Protein chains: 2
Amino acid sequence: MLRAERLFQLTTLLRNRRTVLTAKQLSDHLGVSERTIYRDIQSLSLSGVPVEGEAGVGYRLSRHYQLPPLMFDRHEVEALLLGARMVASWGDPEMGRHAKQSMQKILAVLPDNLRHHDENLPLLVPQINEAQHFYTAHSQALRSAIRERQRVEIDYQREDGEASTRTIESLGLIFWGKVWTLVAWCQLRNDYRTFRLDRIQYLRVLEDKFETSDNKSLNHYLKLMENQCGQNTN
Amino acid sequence: MLRAERLFQLTTLLRNRRTVLTAKQLSDHLGVSERTIYRDIQSLSLSGVPVEGEAGVGYRLSRHYQLPPLMFDRHEVEALLLGARMVASWGDPEMGRHAKQSMQKILAVLPDNLRHHDENLPLLVPQINEAQHFYTAHSQALRSAIRERQRVEIDYQREDGEASTRTIESLGLIFWGKVWTLVAWCQLRNDYRTFRLDRIQYLRVLEDKFETSDNKSLNHYLKLMENQCGQNTN
DNA sequence: GTTTCTACTGACAAAAGCTGTCAGTGACGG
DNA sequence: CCGTCACTGACAGCTTTTGTCAGTAGAAAC
């Protein structure tokens, strides 16, 4: 049921965004032509779904539109399970616990024919604890510091052995497959710097708070990186 | 959207009933053949709608369908989002699409204060497509072969350059952070063998099916590995 | 035991629907 | 005026869906 699935995806996409989405964005996202998006929008409207659109602006869906209850097909359940296993193995332990908890909640409401996919999923992510705690060193403290916007003091040792102590403003964490890096504003250099978590020798969260701005934020850093490399980081 | 409308009507009809409805009753009500009703019921079931049915009795919708939306807290939403990003970046493209779709569904039913976490989550997983398609080579075909229990013919090149052609029985895929390996029963060696996906030069799924047994299955392989290493693979 | 009935599945040809491409329209801005 | 953009209509080709019919399995009746 390809088209019906897509219509449902359209409603969730349009409902999830604060800002509008253009037909071009929707067609890119869903892998169909813009003409098909126009048809889909019309179909939804004819079916009573309150899609709002303005020429030259884009579409959105009223936040008050009630979606049907949550359903996942087999593919989606497998993807969610694989994601939870990846987080459990390659995220920090707290993150892993939350991933497992959320999966238990999802499994609990699945119909019987999907419920036992966890036990039988042939997509494994081994937990080799020593290796993985090495790569997620300090992750939990840093996630909290990012959220609370607290400055952090670190002792860092570069690959070549050179050590430094810095006070930084943590903005985000990036997973590169095994290795995590921290994106931060470094007061020592007065610029963005990235630090591999496994090379942070010591870390202390300070009481001191920081502010972000248009020119000092994770999004700003990502725009700079995209301009340099043209790569997609989400 | 005749069929999509009808599927929606089916869920509505089945949900509002205390008693079951037969395929004949449903076909009369919706003006289609019974064969079409059987197909619709199967489609709904495959999409994760919990339709229950008994031979000679009829259909109804599981009480699960009427449960309140799942409730996730902020930590769980973040863990799910990180998992989806990891799958999108380090799983194969199809798996990534399913991860994103399932996340949109979850986000759509969240309260407003949690819905926009996707846009703001400071935990990133870059998509560097060339690298990641390298590591997930043949993943989609292999997932299908595992599920359908179809033998596969591969040309494999080891790290030292030695090449071989084998017919194998694919049992599972393992993610080691960047690298994926295939666990298979190798007919050439009459034993389990693992193969890095990025070293499979060529792969063809055969029509030929295989059986698993207590002594030839992913679970058996994992028990052997645990006895050797004592590590936790889930 | 056999026969009949019912619910369901697979296969097939025909019908219906869907898709992307392309031309055209209207609104807007320069 | 021209160019751009969002959208609509038309069309050929492709994909999906449909109803019919034969077959299967299980249960009930004889």
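Quick note on labels: first sequence line is chain A, next is B, and so on, each numbered from 1. Remember, it's a predicted structure, so these values are computed and weren't measured experimentally.
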- [ ] Quick one: do Lys216(B) and Glu169(B) satisfy side-chain contact (heavy atoms from CB on, under 4.5 Å)? Show the steps, please.
- [x] CA-CA 10 Å; Lys216(B) 192 183 70 172; Glu169(B) 297 167 2; 2.5 Å; yes
Using a cut-off of under 3.5 Å, enumerate the N/O to N/O pairs linking the protein to nucleotides 8-11 of chain D.
{"from": "dG9(D)", "atom 1": "N7", "to": "Arg35(A)", "atom 2": "NE", "distance (Å)": "3.3"}
{"from": "dG9(D)", "atom 1": "N7", "to": "Arg35(A)", "atom 2": "NH2", "distance (Å)": "2.9"}
{"from": "dG9(D)", "atom 1": "O6", "to": "Arg35(A)", "atom 2": "NE", "distance (Å)": "3.0"}
{"from": "dA10(D)", "atom 1": "N6", "to": "Arg39(A)", "atom 2": "NH2", "distance (Å)": "3.4"}

>> On the nucleotide dT19(C), are OP1 or OP2 found under 4.0 Å from the side-chain N or O atoms that Ser33(A) carries?
In response: no
Give the table of side-chain donor-acceptor pairs shorter than 3.5 Å for residues 76-83 of chain B, with sequence neighbours excluded, one pair per line with atom names and distance.
{"from": "Glu76(B)", "atom 1": "OE1", "to": "Lys105(A)", "atom 2": "NZ", "distance (Å)": "2.9"}
{"from": "Glu76(B)", "atom 1": "OE1", "to": "Asp73(B)", "atom 2": "N", "distance (Å)": "3.1"}
{"from": "Glu76(B)", "atom 1": "OE2", "to": "Lys105(A)", "atom 2": "NZ", "distance (Å)": "3.4"}
{"from": "Glu78(B)", "atom 1": "OE2", "to": "Arg74(B)", "atom 2": "NE", "distance (Å)": "3.4"}

Notebook entry, point to check: Does Arg6(B) place a side-chain N or O at less than 4.0 Å from the phosphate oxygens OP1/OP2 of dT18(D)?
Noted result: yes
Here the distance between atom C1' of dT9(C) and atom CG of Asp40(B), to the nearest Å, is 15 Å
Check the orientation of Phe175(B) and Trp180(B). Use parallel for under 30°, tilted for 30 to 60°, and perpendicular for over 60°. tilted
Salt bridge (Lys or Arg N to Asp or Glu O under 4.0 Å) filter on Arg15(A), not counting sequence neighbours, yields none
Rounded to whole Å, the CG-P distance (Leu30(A) to dG20(C)) equals 11 Å
Whole-Å distance, Leu7(A) CG to dG17(C) P, equals 15 Å
| query | Does some side-chain heavy atom of Ile200(B) sit less than 4.5 Å from a side-chain heavy atom of Leu142(B)? | reply | yes
Whole-Å distance, Ile41(A) CD1 to dC18(C) P, equals 15 Å
Residues pairing under salt bridge (Lys or Arg N to Asp or Glu O under 4.0 Å) where one sits in residues 31-43 of chain A, two or more places apart or in two chains, turn out to be Arg3(A)-Asp40(A), Arg6(A)-Asp40(A)
For His220(A), the ring-ring contact (aromatic ring centres under 6.0 Å, His included) test, sequence neighbours excluded, returns Tyr192(A)
Between CD of Glu5(A) and P of dT17(D) the distance, given in whole Å, is 11 Å
Whole-Å distance, Leu26(B) CG to dA7(C) P, equals 12 Å
Rounded to whole Å, the CZ-P distance (Arg3(A) to dG20(C)) equals 11 Å
Filtered N/O pairs between nucleotides 25-28 of chain D and protein, under 3.5 Å:
none

| query | Hey, mind stepping through Val49(A) and Leu10(A) against side-chain contact (heavy atoms from CB on, under 4.5 Å) and telling me if it holds? | reply | CA-CA 11 Å; Val49(A) 181; Leu10(A) 264 178; over 6 Å; no
Between CG of Leu2(A) and P of dC14(D) the distance, given in whole Å, is 18 Å
- Considering only heavy atoms from C-beta outward, does the side chain of Met71(A) approach that of Leu44(B) to under 4.5 Å? no
